[in-house]
Amino acid sequence: LAAVRDFDRELRGPAVLTPHPGEFRRLAAALALDDDTASPGGRRDAAAELARRLGCVVVLKGAGTVVTDGQRTFVNETGNAALATAGTGDVLTGLIAGLLAQGLDPERAAALGVEAHALAGDRAAAHGERGLIASDLLAELRGVLNP
């Protein structure tokens, strides 16, 4: 998106963006926004500003994942470092998309998706964080979503 000229004008309809900090920095630079993602307060403010600018929900992934529509903000403190493994963000995005397809509004789908993803990550890591791969989350997600 950051490479698409005037992408902020082309974004239409409800959307959920799920950038990791590096992707966030590129989006923020393209829009001339502050990209202070180093501090917890900075992460919240930067994500909220991007959400307001684009009129969407932003899920800024990382330790203390931030979910915001620009007005309301939720910070998820659960999860673990194994969720930084390649592909786990794709699992999160797929989960959020599935919740949207079931009729949840973008903010609720994002917050629920982040929470369920982190809990599944914690359950999967109970067997050890080393060697955890994205597909390990799928089996755990069933238990989280169907208690």
Side-chain angles (χ1 to χ4, degrees), residues 1-102 104-126 128-138 140-141 144-145:
L1 280 178
V4 175
R5 185 181 168 146
D6 296 327
F7 76 89
D8 56 326
R9 294 184 189 151
E10 298 297 323
L11 193 60
R12 301 215 189 333
V16 177
L17 300 182
T18 61
H20 59 61
E23 293 166 333
F24 183 90
R25 280 190 292 279
R26 289 192 297 275
L27 290 169
L31 296 170
L33 298 176
D34 182 21
D35 68 348
D36 175 20
T37 57
S39 69
R43 286 173 53 80
R44 291 173 61 107
D45 293 344
E49 181 60 27
L50 181 62
R52 281 190 294 275
R53 176 73 177 269
L54 297 177
C56 68
V57 173
V58 172
V59 175
L60 177 54
K61 299 181 288 193
T65 294
V66 176
V67 178
T68 183
D69 65 355
Q71 302 302 315
R72 295 176 303 269
T73 300
F74 163 74
V75 179
N76 183 299
E77 299 294 345
T78 61
N80 58 72
L83 292 176
T85 302
T88 58
D90 298 323
V91 173
L92 173 60
T93 299
L95 176 57
I96 294 170
L99 294 168
L100 288 167
Q102 293 179 51
L104 271 69
D105 66 81
E107 184 184 15
R108 180 170 274 153
L112 179 58
V114 165
E115 180 77 13
H117 182 259
L119 290 172
D122 285 343
R123 286 184 179 193
E129 287 184 25
R130 288 189 191 122
L132 188 142
I133 59 175
S135 60
D136 294 336
L137 296 177
L138 298 177
E140 300 299 339
L141 274 172
V144 168
L145 295 172

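Treat the numbers as computed from the prediction; the structure is a model and nothing was measured.
Put simply, the side chain of Thr88 reaches to within 4.5 Å of the side chain of His117, judged on heavy atoms. Side-chain atoms of Ile96 and Val57, non-hydrogen and from C-beta on, never get closer than 4.5 Å to each other. A heavy-atom distance below 4.5 Å is not found between the side chains of Val66 and Val58. Counting heavy atoms from C-beta outward, Leu31 and Phe7 have side chains that approach closer than 4.5 Å.
Minimum heavy-atom separation, Ala15 to Cys56: O-CB, 3.3 Å. Thr78 and Ala118 get closest at one heavy-atom pair: OG1-CB, 3.1 Å. Nearest heavy-atom pair across Glu140 and Asp136 is CG-O, 3.6 Å. Residue Val59 comes nearest to Ala110 through the heavy atom pair CG2-CB, 3.7 Å, listed as atom of the first residue, atom of the second, then distance. Closest non-hydrogen pair, Ala2 versus Ala30, comes out as O-CB, 3.6 Å. The shortest non-hydrogen separation linking Ala86 to Ala134 is O-CB, 3.8 Å.
Between the side chain of Glu23 and the backbone N or O of His20, at least one donor-acceptor pair lies under 3.5 Å. Checked by atom type and distance alone, the side chain of Asn80 pairs as donor or acceptor with a backbone atom of Gly121 at under 3.5 Å.
The CG atom of Leu119 sits 9.5 Å away from the CG atom of Leu145 when rounded to the nearest 0.5 Å. Here Leu100 contributes atom CG and Thr93 contributes atom OG1; the two are 10.5 Å apart, rounded to the nearest 0.5 Å. A distance of 8.0 Å separates CG of Leu54 from CG of Leu33, quoted to the nearest 0.5 Å. The CG atom of Leu92 sits 9.0 Å away from the CG atom of Leu83 when rounded to the nearest 0.5 Å. Remark: Thr65 OG1 to Glu115 CD distance equals 10.5 Å, nearest 0.5 Å.
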Given Leu141 and Val91, is the side chain to side chain contact (heavy atoms under 4.5 Å, CB included) satisfied, shown in steps?
CA-CA 10 Å; Leu141 274 172; Val91 173; 3.9 Å; yes
Residues Leu95, Leu137; criterion side chain to side chain contact (heavy atoms under 4.5 Å, CB included); working and verdict
CA-CA 11 Å; Leu95 176 57; Leu137 296 177; over 6 Å; no
N/O donor to acceptor pairs below 3.5 angstrom from side-chain atoms of residues 43-51, sequence neighbours left out:
| from | atom 1 | to | atom 2 | distance (Å) |
| --- | --- | --- | --- | --- |
| Arg43 | NH2 | Leu60 | O | 3.0 |
| Arg43 | NH2 | Lys61 | O | 3.3 |
| Arg43 | NH2 | Gly64 | O | 3.2 |
| Glu49 | OE1 | Arg52 | NH2 | 3.1 |

